[in-house]
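Read through the structure below, which is laid out as structure tokens, and then see the notes.
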Amino acid sequence: MAKYIDADALKEAIVKMMPHDKCGEEMPEEMAATDMAVSVIQKIDEMPAADVEPVRHGGWKYIDYGDGDYWAECQECGEQYKVKNGDFDLFDECYHYCPACGAKMDGGSE
């Protein structure tokens, strides 16, 4: 599975790893490592951006209309799903994501 990262944070981490003396100047004996780090940063900038969408977070709202039917409603999109025999625990185990909008059912935390 692909792993998507923050390229700017990676570049910042690489810059912090570059060898410098106590005054912040590059050390001559470490120039090769610094040149390699600069090349890596340039390669990161050349890479195409991934086509990803931010994860939506939500939760299920459980509904008992009093007619013997039980429902789970996505708090993100409002879509409702019938819960067989009112077994909300089993529903939670089976539906970690909303089938309609794709929201991750983790309680709505970002």
Side-chain angles (χ1 to χ4, degrees):
M1 174 181 281
K3 179 179 179 182
Y4 303 101
I5 61 166
D6 182 335
D8 292 331
L10 175 59
K11 292 188 295 186
E12 185 177 314
I14 292 169
V15 168
K16 287 180 181 177
M17 291 171 40
M18 288 181 184
H20 292 86
D21 69 12
K22 63 183 177 184
C23 296
E25 298 295 321
E26 290 181 8
M27 297 180 290
E29 66 271 12
E30 304 292 347
M31 291 298 287
T34 300
D35 290 344
M36 176 61 84
V38 169
S39 295
V40 169
I41 289 172
Q42 288 172 342
K43 184 54 76 177
I44 291 169
D45 285 336
E46 293 170 5
M47 297 298 294
D51 185 16
V52 296
E53 187 174 316
V55 176
R56 295 173 66 183
H57 297 270
W60 295 114
K61 176 182 174 185
Y62 297 111
I63 303 166
D64 177 1
Y65 289 116
D67 60 0
D69 287 337
Y70 300 91
W71 298 83
E73 179 179 282
C74 174
Q75 293 176 333
E76 278 295 300
C77 70
E79 191 69 30
Q80 292 186 354
Y81 300 92
K82 190 170 184 177
V83 179
K84 187 175 182 179
N85 300 324
D87 192 343
F88 296 121
D89 290 334
L90 179 60
F91 188 86
D92 277 339
E93 287 179 32
C94 295
Y95 293 95
H96 299 279
Y97 295 88
C98 174
C101 71
K104 184 176 183 179
M105 294 297 140
D106 59 2
S109 61
E110 291 290 333

Taking side chain as C-beta onward, heavy atoms only, is Cys98 less than 4.5 Å from Glu76?
no
Working to the nearest 0.5 Å, report the span between CZ of Arg56 and NZ of Lys104.
14.5 Å
Residue set satisfying side-chain contact (heavy atoms from CB on, under 4.5 Å) with Glu79, at least two apart, ordered chain then number -> Cys77, Tyr81, Ala100
According to side-chain contact (heavy atoms from CB on, under 4.5 Å), who are the partners of Asp64, at least two apart in sequence or on a separate chain?
Tyr70
Contacts of type salt bridge (charged side-chain N to carboxylate O under 4.0 Å, His left out), residue Asp69, not counting sequence neighbours
Lys82
Test of understanding: clusters of I, L, V, M, F, W, Y form through side-chain heavy atoms closer than 4.5 Å, transitively. Do Tyr95 and Met105 belong to the same one?
yes
With a cut-off of 3.5 Å and sequence neighbours excluded, list every side-chain donor-acceptor pair involving residues 36-49.
unit_1 : atom_1 : unit_2 : atom_2 : d
Ser39  : OG     : Asp35  : O      : 3.1
Lys43  : NZ     : Glu46  : OE1    : 3.3
Asp45  : OD1    : Lys11  : NZ     : 2.5

Can you name the side-chain contact (heavy atoms from CB on, under 4.5 Å) partners of Glu73, sequence neighbours left out?
Lys61, Ile63, Gln80
Is there a side chain to side chain contact (heavy atoms under 4.5 Å, CB included) between His57 and Val55 once you walk through the steps?
CA-CA 6 Å; His57 297 270; Val55 176; 3.9 Å; yes
With sequence neighbours left out, write down each residue that passes side-chain contact (heavy atoms from CB on, under 4.5 Å) with Tyr62, or none if nothing qualifies.
Trp60, Ala72, Phe88, Phe91, Asp92
Tell me if the CG atom of Asn85 is crowded by more than 12 foreign heavy atoms within 6.0 Å.
no
